[in-house]
Amino acid sequence: VCRSVSMVGVRQQKQLEDKATLVRVLDHYWRMYGHSPTVRELTSRAGLSSTSMTATRLRALRESGFVNYTDNVSRTARLTQEGRKVYGLN
């Protein structure tokens, strides 16, 4: 039981780290190119293992109010003011 509890903690920590990485990559990409990267580019630049994982993390960031994007439209992800504030990017 203790082992599974610690694995849950490790998994949650990894998810938090992934989200923070995505936010930093998204911010940097916007500053460099003036638009959002594709999910594939985000996946590659953030070092994540799949586009599915990236999409899941982006959805969670959107549900938290830290990122906005239009479903099924490429290159629309953008940090919100709240997301910039929470991740220290103001």
Side-chain angles (χ1 to χ4, degrees):
V1 172
C2 290
R3 183 176 180 183
S4 64
V5 169
S6 67
M7 286 306 293
V8 169
V10 169
R11 196 171 300 128
Q12 288 174 337
Q13 182 63 33
K14 174 75 169 112
Q15 289 173 3
L16 290 173
E17 290 170 5
D18 289 350
K19 290 176 193 174
T21 300
L22 285 173
V23 165
R24 285 191 304 274
V25 168
L26 186 58
D27 179 62
H28 178 76
Y29 200 98
W30 261 102
R31 289 174 189 269
M32 293 297 294
Y33 304 104
H35 59 82
S36 176
T38 63
V39 171
R40 223 176 268 286
E41 288 169 330
L42 264 175
T43 301
S44 175
R45 290 171 182 259
L48 300 177
S49 60
S50 72
T51 55
S52 175
M53 178 184 293
T54 302
T56 298
R57 302 291 188 266
L58 280 175
R59 266 193 306 277
L61 286 165
R62 181 168 70 172
E63 289 168 3
S64 297
F66 302 148
V67 171
N68 282 326
Y69 61 87
T70 303
D71 288 326
N72 302 315
V73 179
S74 185
R75 298 184 184 270
T76 59
R78 188 165 206 157
L79 293 173
T80 63
Q81 284 301 322
E82 182 67 14
R84 297 186 68 70
K85 180 178 160 189
V86 166
Y87 285 93
L89 298 171
N90 280 337

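Residue indices begin at 1 and follow the sequence shown. The figures that follow rest on heavy atoms only: side chains count, while hydrogens, waters and symmetry mates do not.
Taking Glu41 as the reference, Arg75 meet the salt bridge (Lys or Arg N to Asp or Glu O under 4.0 Å) condition, with sequence neighbours excluded. Residues that satisfy the side chain to side chain donor-acceptor pair (under 3.5 Å) test with Thr56, not counting sequence neighbours, are Arg59. For Ser49, the side chain to side chain contact (heavy atoms under 4.5 Å, CB included) partners at least two apart in sequence or on another chain are Met53. Partners of Arg62 under the salt bridge (Lys or Arg N to Asp or Glu O under 4.0 Å) rule, at least two apart in sequence or in another chain, are Asp71. The side chain to side chain contact (heavy atoms under 4.5 Å, CB included) search around Arg40 returns Thr38, Thr51, not counting sequence neighbours. In this structure Arg24 satisfies the salt bridge (Lys or Arg N to Asp or Glu O under 4.0 Å) test with no other residue, sequence neighbours excluded. Looking at residues two or more places apart in sequence or on another chain, you find a side chain to side chain contact (heavy atoms under 4.5 Å, CB included) between Asn68 and Thr80. Applying the side chain to side chain donor-acceptor pair (under 3.5 Å) test to Thr43 and every residue at least two apart in sequence or in another chain returns Thr54.
Listed by first and then second residue, the salt bridge (Lys or Arg N to Asp or Glu O under 4.0 Å) pairs involving residues 14-23 are Lys14-Asp18, Asp18-Arg57 (not counting sequence neighbours). Listed by first then second residue, pairs satisfying salt bridge (Lys or Arg N to Asp or Glu O under 4.0 Å) with a partner in residues 81-90 read Asp27-Arg84, not counting sequence neighbours. Within the structure, ring pair (Phe, Tyr, Trp, His ring centres under 6.0 Å) pairs that include any residue of residues 44-69 comprise Phe66-Tyr87 (at least two apart or interchain).
Within the hydrophobic cluster formed by Ile, Leu, Val, Met, Phe, Trp and Tyr side chains joined at under 4.5 Å, directly or through other members, Met32 is accompanied by Tyr29, Tyr33.
Listed for the Trp30 side chain is no donor-acceptor partner under 3.5 Å among the backbone atoms of Val25.
Remark: Leu48 CG to Leu42 CG distance equals 8.5 Å, nearest 0.5 Å. Separation of atoms CZ (Arg31) and NE2 (His28) is listed at 10.0 Å; rounding is to 0.5 Å.
Side-chain contact between Ser36 and Leu26: present, with at least one pair of heavy atoms (C-beta onward) separated by less than 4.5 Å.
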